[in-house]
Every structure is written in structure tokens, then in C-alpha cells.
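Following: one structure in C-alpha cells, then a few remarks.
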Amino acid sequence: MSPSTLTVTDNRTNRTYTFPIEDGTVRAMDFRGIKTSEDDFGLMMYDPAFMNTASCRSDITYIDGDRGILEYRGYPIDQLAQRCTYLEISYLILFGELPTASELNHWVYEITHHTMLHETMKKFMEGFRYDAHPMSMMISSVAALATVYPHAHEVHDPANRLLQIKRLIAKMPSIAAMSYRHSLGFPYVYPDNDLSYTENFMNMLWRMVEPKYAANPVLARALEVLFILHMDHEQNCSTSTMRMVGSALTNPYLCVASAAAALAGPLHGGANEEVTRMLDEIGSIDNVPAYIRNVKDGCCKLMGFGHRVYKNFDPRAKLIKQIAEDVFGVTGRNPKLDIALELERIALQDDYFVSRKLYPNVDFYSGLIYQTIGFKPEMFTVLFTIPRTVGWLAQWQEMINDSEQKIARPRQIYTGPRSRLVVPLAEREQNSGTMNQPVAL
Ligand code: ACO
């Protein structure tokens with residue numbers, strides 16, 4: 001028998017089954033053939049939160065969580081961050097190879113010439129309350145772009161897909177900047193095609209009456225490297241959402257809005273905003289030991305710590321610490337940095353965190369840098385969304401082209417009652433567990 005097989009015995013029937021093992025996985029559908037009788041549905045795999053389920057094959061991002069390795073298309077993240085520009089890497093992630101000089105020129109031209117938003121977007125934006133969260137405005141606005149580009153739903157047409165990919169990568173900074181300016185009551189700023197991707201973003205955020213915006217080169221490069229570090233991270237919550245919604249052949253603007261909604265959660269991309277709030281709450285280094293005690297007692301989580309995949313260190317967090325030095329060299333040190341460093345120092349020696357393999361993740365230091373550059377905490381996840389859009393689109397495209405993929409549809413284990421009789425309304429008595437029960441306040 002081939003060594004690359006798995007043999008299981010069903011003790012209910014004493015029957016033995018042998019399945020191939022390929023790439024360290026067995027196919028869940030092979031188990032469907034394990035039945036106790038002809039009309040048995042067959043065995044299913046139960047995996048809440050997809051802790052041990054590979055949902056696709058992918059060529060895009062490689063992560064080795066135990067060794068702290070992250071590669072895009074086989075290139076280590078540190079080399080990419082040091083040697084390449086954001087648009088160069090977006091090309092790599094989308095097309096699989098680093099561009100030649102002429103391919104890059106063409107790509108930069110294309111993205112630069114899709115940064116304008118349709119004027120209706122301004123009207124959508126104006127409909128939001130002055131204090132609306134920028135992330136909610138961004139999610140709603142990108143969804144609204146589906147009304148501007150209804151033909152985008154023709155997802156089996158490669159040229160059409162590429163056009164939407166260019167538009168989305170180009171327009172996300174414009175939407176992000178618009179939501180930021182809206183929250184401040186400032187007029188929107190149009191893109192400037194002379195500037196690089198991040199410089200133009202800074203222009204749309206911060207230009208006031210000056211005729212030409214001049215970005216600080218250190219801050220522009222820091223923002224660019226932060227964007228590079230956030231571009232893709234294989235099958236995380238938001239990317240899986242992108243693939244799942246996309247599997248229904250939904251318009252890609254709606255897919256990106258769905259993925260961004262997943263990213264907004266505090267356990268995912270929303271964690272960077274929460275880290276800043278946590279550091280504010282801690283207030284000073286003296287309060288760090290008490291805060292750590294609270295975390296260990298289960299009162300709260302140490303935000304920006306822990307990761308489903310990285311169990312040694314997050315390579316992005318290491319690179320971000322270096323960027324922090326560059327940024328603080330220009331802006332001065334963020335006073336919260338000392339609290340963050342002390343939290344990290346204590347946590348990394350404490351058995352609670354060490355035994356659970358909890359290390360600083362990408363969100364632990366990014367918020368401090370963003371804040372020092374001049375962003376409000378509400379903008380942090382918006383900043384994450386801009387580059388992650390590239391990863392979502394690459395994964396979406398890969399999913400569409402994958403002949404093994406179909407509409408995503410997990411199974412469930414039904415645990416509720418069956419075959420009940422409907423009692424007429426007048427005869428029903430109050431049940432326990434309904435919304436009429438008093439709510440504990
Ligand atoms: N602070 C304190 N304890 C934690 C933390 C934390 N940040 N993270 C995990 N733990 C504990 C859990 O309580 C659990 O303890 P137990 O075994 O005693 O029950 C153990 O560590 C394992 O944690 P899980 O929740 O099972 O780990 P999971 O892989 O499901 O969660 C997650 C990963 C969501 C990132 C989690 O570590 C977390 O909530 N971190 C804080 C939020 C955060 O920073 N999210 C950003 C992640 S990076 C990103 O999405 C871009």
C-alpha cells in the first residue's frame with residue numbers, strides 16, 4: 001500500500017477505508033463515502049472556525065507560522081519591503097512575477113489613471129453623519145461603487161476582471177481619503193497624477209490650500225512599507241470572506257465591501273485601533289503589571305497579541321518596529337511607545353503568554369506609527385484595507401480561475417428540534433428563551 005495514504009476503520013461497521021494523502025491533506029469528500037447504511041448521509045468533518053481545514057490551493061502567499069516566515073509569491077517579505085515599491089509588489093501579487101521596467105511603467109500609469117471617483121461618490125459620502133466611523137463610510141462607499149460599475153459582475157471575462165481590479169486598487173485610497181476628510185468637514189481633494197501611490201494618498205488626506213502637496217519622503221516611504229506588509233496574508237477571516245462572497249459570482253465591489261466588513265472586526269484588522277485605546281486606558285508604565293494581571297484573570301485581551309497562525313513571532317511586527325524608528329526620527333517619539341515596549345517586555349517573559357505562544361502581531365505597533373504620522377485611531381483599519389484590497393483581489397481572481405471551486409457552502413450539525421406542530425397564536429404560552437423574557441441589566 002502506498003505510504004501516502006490514510007487507512008481508517010469505522011468501528012460502527014468494522015469496515016476499513018483507505019484515502020490518498022496529498023500535500024499533507026486528505027479530502028473531506030472522501031469521508032462522505034463512510035456510511036453505516038445505504039441511506040446514511042456519510043461522515044462529515046466538524047471544524048468550527050476552520051481551525052484545520054484547507055479551503056483552497058493558492059500560489060499567492062506562503063506563511064510558516066512556527067518559523068515566522070511570510071512570502072509573497074515566494075519572495076521573503078523583508079526583501080520585498082526593502083527593495084520594492086508598493087505598486088511593484090501589487091503587480092507581483094496579482095500576476096505572479098515581479099514586473100520588468102516597462103511592465104511596471106504601464107502598471108503605474110494604469111493605476112494612476114483610475115484614481116478619480118465618479119462624482120456621485122461625493123453625494124454618497126455627504127449623506128453620512130459628520131461623526132460616522134471612516135471604516136463604515138469606506139465599506140459602504142466601495143459597495144456603492146457597484147452601482148457605478150454594474151457590468152463588473154461579468155466576472156468570467158478576464159479583461160473585465162482586470163479593469164475592476166485596477167479600479168479598486170486605484171480608488172481605495174481616494175475613498176479612504178474622502179471618508180477621512182468628511183469626518184473632519186474638509187473639502188475633498190482630487191488625486192494628483194504626478195505623485196506616487198502613497199504620496200498621492202497623503203495629498204488627498206492632507207492638502208489644504210497649497211497648490212502642490214509635498215509629502216515628507218520618510219513618512220511616505222514608511223506608509224508605503226506599512227502598506228506592503230499588509231497586502232496579503234493568505235486565508236484569514238477577510239480573505240476567506242472575499243472568496244466566499246466571490247464564489248457566488250457577486251460583483252467584486254460588493255465582495256471587497258464584505259471582506260472589508262470582516263476586516264473591521266476588533267479580532268482582525270480592527271485590532272490596531274483597539275491597541276491604541278488599550279494603551280490610552282493603561283495610561284502609564286506603572287499600570288502595566290496591573291493590566292497584565294487583568295488579562296491573565298480573563299478580564300480582557302492584550303490587543304495586538306496572538307495570532308491564529310504565527311506561534312513564534314509575526315515577521316511583520318519585527319519590520320514595523322524598524323519603521324517606527326524612522327518615523328519617530330521625523331515626528332518625535334510617540335509617548336505611548338514606552339507603555340507598548342513595557343507590555344511586550346513583561347508579556348514575553350510571562351508564562352501565561354509564553355505557554356500560549358502569544359507574541360505581538362502586525363497590529364501591535366502599526367497603530368502607534370499611524371498615530372504619530374497624524375491619523376486618528378478610527379482611520380487605522382481604513383489604512384489596513386487599502387493594501388489588503390490587492391490580496392483580496394488576487395485571491396478572488398485565483399478562486400474564479402480554480403476549476404475545483406464552486407459556490408462556498410459549509411455543512412452544519414443541526415442541534416434544534418424537529419417536526420414540531422404549529423400551535424395557533426391564541427393558544428401559545430410564553431416560552432423560556434424568547435425575546436419576551438426579562439433581560440438581565
Ligand atoms: N490576550 C490574552 N489572551 C489571549 C490573547 C490575547 N491577545 N489571544 C489569545 N489568548 C489566549 C486565549 O484566551 C486562549 O487561552 P486559553 O487556552 O486559556 O483559553 C489561548 O490564548 C488561545 O487563544 P485562541 O483564542 O484560541 O486563539 P485564536 O487563534 O482563536 O485567536 C486571535 C487568534 C483572534 C488573533 C487572538 O489571539 C486575539 O484575540 N488577539 C487579540 C486581537 C488581535 O490582536 N487581533 C489581530 C490579529 S492580526 C490580524 O488579524 C491582522
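When a ligand or atom number is given, it counts from 1 through the structure's own listing order.
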Discussion item. Below 4.0 angstrom, counting only protein heavy atoms, does anything approach atom 26 (O) of ligand 1?
Written reply: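 Neighbour list for atom 26 (O) of ligand 1 is empty of protein heavy atoms (cut-off 4.0 Å).
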Fill in: Per-atom contacts, ligand 1 versus Arg308 - under 4.0 Å to a heavy atom
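In order of numbering, the contacting atoms are 28 (P), 29 (O), 30 (O), 33 (C).
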Item to complete: Provide, to 0.1 Å, the distance between atom 4 (C) of ligand 1 and the closest protein heavy atom, together with that atom's residue and name.
Response: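 Result for atom 4 (C) of ligand 1: Leu358 CD1, 3.5 Å.
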Does any N/O atom on [X] come nearer than 3.5 Å to any N/O atom on ligand 1?
{"X": "Asn361", "value": "yes"}
{"X": "Val295", "value": "no"}
{"X": "Ala271", "value": "no"}
{"X": "Cys300", "value": "no"}
{"X": "Lys311", "value": "no"}

Worksheet item: How are the rings of Tyr86 and Tyr197 set relative to one another: parallel (under 30°), tilted (30 to 60°) or perpendicular (over 60°)?
Response: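 Tyr86 vs Tyr197 ring planes: parallel.
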How does [X] reach ligand 1, if at all, at less than 4.0 Å between non-hydrogen atoms: by side chain, backbone, both, or neither?
{"X": "Phe384", "answer": "side chain"}
{"X": "Leu267", "answer": "both"}
{"X": "Arg356", "answer": "side chain"}

Worksheet item: How about Trp206 and Phe375: are their ring centroids closer than 6.0 Å?
Response: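 Here the rings of Phe375 and Trp206 have centres that are less than 6.0 Å from each other.
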Worksheet item: With ring centroids as reference points, do Tyr91 and His106 lie under 6.0 angstrom apart?
Response: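 Ring centres of His106 and Tyr91 not closer than 6.0 Å.
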Worksheet item: Does ligand 1 have any atom that is closer than 4.0 Å to a heavy atom of Tyr352?
Response: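 It does; at least one heavy atom falls under 4.0 Å.
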Worksheet entry | Distance-only polar pair, side chains of Gln405 and Ser247, donor-acceptor under 3.5 Å |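 Per modelled atom types, Gln405 and Ser247 side chains form no pair under 3.5 Å.
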Discussion item. Tell me every residue that passes salt bridge (charged side-chain N to carboxylate O under 4.0 Å, His left out) with Arg388, counting only those two or more places apart in sequence or in another chain.
Written reply: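 For Arg388 there are no salt bridge (charged side-chain N to carboxylate O under 4.0 Å, His left out) partners, ignoring immediate neighbours.
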Discussion item. Salt bridge (charged side-chain N to carboxylate O under 4.0 Å, His left out) for Asp326 and Arg221? Distances and angles first, verdict last.
Written reply: CA-CA 10 Å; Asp326 300 342; Arg221 180 63 192 155; over 6 Å; no
